[in-house]
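Worksheet for the structure shown next.
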Protein chains: 2
Amino acid sequence: MLGMLPRAVAAPITEAWPFAAIPQGWTAMKLETVDIRQAASAADIVYEALRKAIIEGDLAEGENLRQDQIALMFNTSRIPVREALSRLEQNGLITTQRYKGAVVAGLSIEEIEEIFEFRALIEAEVIRLAVPKLTGKTLDAARRHCQAFDSEANSAMWGEINRNFHYSLYEAARRPYYLQIVRASLDRIDRYLRAQLTLTNGMSRARREHKGILDACIAGDADKAAELTRDHILGAGRALVTFLEETRGRND
Amino acid sequence: MLGMLPRAVAAPITEAWPFAAIPQGWTAMKLETVDIRQAASAADIVYEALRKAIIEGDLAEGENLRQDQIALMFNTSRIPVREALSRLEQNGLITTQRYKGAVVAGLSIEEIEEIFEFRALIEAEVIRLAVPKLTGKTLDAARRHCQAFDSEANSAMWGEINRNFHYSLYEAARRPYYLQIVRASLDRIDRYLRAQLTLTNGMSRARREHKGILDACIAGDADKAAELTRDHILGAGRALVTFLEETRGRND
DNA sequence: AGATTGTATATTGGATCCGATGTTTCTATG
DNA sequence: CATAGAAACATCGGATCCAATATACAATCT
């Protein structure tokens, strides 16, 4: 499996990670979180690692991304790094300027509001399509993910658990294109959500609403599950916006 | 303006285009269709040109895309070409395999159905949001695009006119993220739509439905405009699917 | 002193070269 | 003559080198 990749890139997985070469603030990025076996090229690894680091908030908004530094980190040349950065820009996660470099993209409050509105529309529809196709197995998985909220104390994992819960239900809709869009939308705002969830106590409400959605799914009530999902997302969006308005000014 | 770009890439615009270097079947691709001034790099130009060629059907489904051939076409090296191909793959327009190359991605009938269903959901909502914000100016523009259907005999232009009509209304919603998604969705299925429109006489119905949507917009009836848009897209999807089922088998 | 210009450094985008691997063709042998 | 193995060819991903440009800072002029 690993042999499929250039050795220089795969090496950090098994050997010691060259932390000394990493610029300040970068040590939090862990390559172990990237599934090497699914990567076809070094650019895939760099892309996935950077994407994770951005959506998890390890790379702060506005942080400079220097090609040669990243190349050094991944023990590769700048070519795969550029390809990864180009893809990240395509997805709106970073912005680049010629001869000046790339920075992690920030979102204005208006943009965040739009994305939540959009997510509410899509995800409500996805769950409506999913409910009639739910099996006992997928419901069990959703139940487990729902309970994982209660047992997980590490707030850094909440974002991941949140995704797992929703996706476990969404998968049943068998709409890969919808899910791809949902994933991209969540990527954009995930780090803001994580910050808000850990700093405020928005988790208790999320737990309650998740239980409600799950119950509607178990009852087979597609319309109710859709409405609850819609309210859940819009409510989370409103909470996030008020949180951000306190943190930063209205114009940002 | 042009000076912002490496000379070798910008050259074909003003000087003679090296058609001799282009492999067979490629002469239909015209660089003039790409707005050079908005491109920050050669990769942007290659990306836009290939994207246009794919969505307009100039590059057939399954067609091989060789890096060095494309690089020859654009009078550049393979590096920007690879970046462009990587971005196209991210958007699902092509698929690549190591050491084997890239091919224009094809969609199964199920995937096409899903995308139309998705578009109906999003675009209906976009027009619902747009109607209250429509001004006389944007309505005039939409009216002009709607009439352009009647006067345009060149069927190759219908796809472009269709986009212009819908987008002129959608813009008023002031939802850039929605529009970005709409654009990406349309990119995926546009070439199939174009083929179907020119080979069947689906244009008359499209004309009629466009007029209905426009009238609802003029009347300020957001719900009706949304419903008509939804029906318009779903109807076009059904027509396309039956067309494709006749052309190819159900499994493809 | 402040503004302006010139130079050194940093950083990006692109070209060329190289190694790895898939594909095709040709030859040798049963 | 058919088939298996080898060799030539094609193609891709990555590394290294080079050109263009932005920024920072020092030197110079008013």
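Since we're looking at a predicted model, the values are computed, not measured. Lettering of chains follows the sequences in order, A, B, ..., and the numbering in each one begins at 1.
- Taking each heavy atom of A:L107 and A:R188 in turn, the nearest pair found is CD1-O, 3.5 Å.
- Along DNA chain C, the nucleotide closest to A:I79 and the one closest to A:A102 are compared, and the more 5′ of them pairs with A:A102.
- Separating the CG atom of A:N64 from the P atom of C:dA10 is a distance of 15 Å, rounded to the nearest angstrom.
- Annotation: side chain of B:R183 is in contact with side chain of B:Y167 (closest heavy-atom distance under 4.5 Å).
- Residue B:F74 contributes atom CZ, which lies 13 Å from atom P of C:dG14 at whole-angstrom precision.
- Distances from the side chain of A:S41 to the nucleotides D:dG14, C:dT11, D:dC12 place D:dG14 closest.
- Of the two residues near DNA chain D, A:S77 and B:D68, the one whose nearest nucleotide lies more 5' is B:D68.
- Listed candidates were D:dA20, D:dG14, C:dG14. Nearest to the side chain of A:P80 is D:dG14.
- Remark: B:Q67 is in phosphate contact with D:dG13, judged by side-chain N or O atoms under 4.0 Å from OP1 or OP2.
- For A:T76, taking side-chain heavy atoms from C-beta onward, the closest of the listed nucleotides D:dA15, C:dT11, C:dG22 is D:dA15.
- At a threshold of 4.5 Å between non-hydrogen side-chain atoms, the residues A:F116 and A:I189 count as touching.
- The nearest whole Å value for the distance from the CG atom in A:L85 to the C1' atom in C:dT12 is 11 Å.
- We find that NZ of A:K100 is positioned 13 Å from P of C:dG13, with the value rounded to whole Å.
- When rounded to the nearest whole Å, the span between CD of A:E83 and C1' of D:dG13 equals 8 Å.
- Atom-to-atom, CZ of A:R98 to C1' of D:dT23 comes out at 17 Å; the value is rounded to the nearest Å.
- Residue side chain B:R82 reaches the base of D:dG14 through a donor-acceptor N/O pair under 3.5 Å, judged by distance alone.
- The distance from atom CD of B:Q97 to atom P of D:dC12 is 12 Å, rounded to the nearest whole Å.
- The side-chain heavy atoms of B:L186 and B:R163, taken from C-beta on, include a pair separated by under 4.5 Å.
- Between B:T138 and B:L169 there is no side-chain heavy-atom pair separated by less than 4.5 Å.
- Whole-Å rounding puts the A:Y99 OH to D:dA19 P distance at 13 Å.
- Applying the 3.5 Å distance criterion, the base of C:dG13 shares a donor-acceptor pair with the side chain of A:R78.
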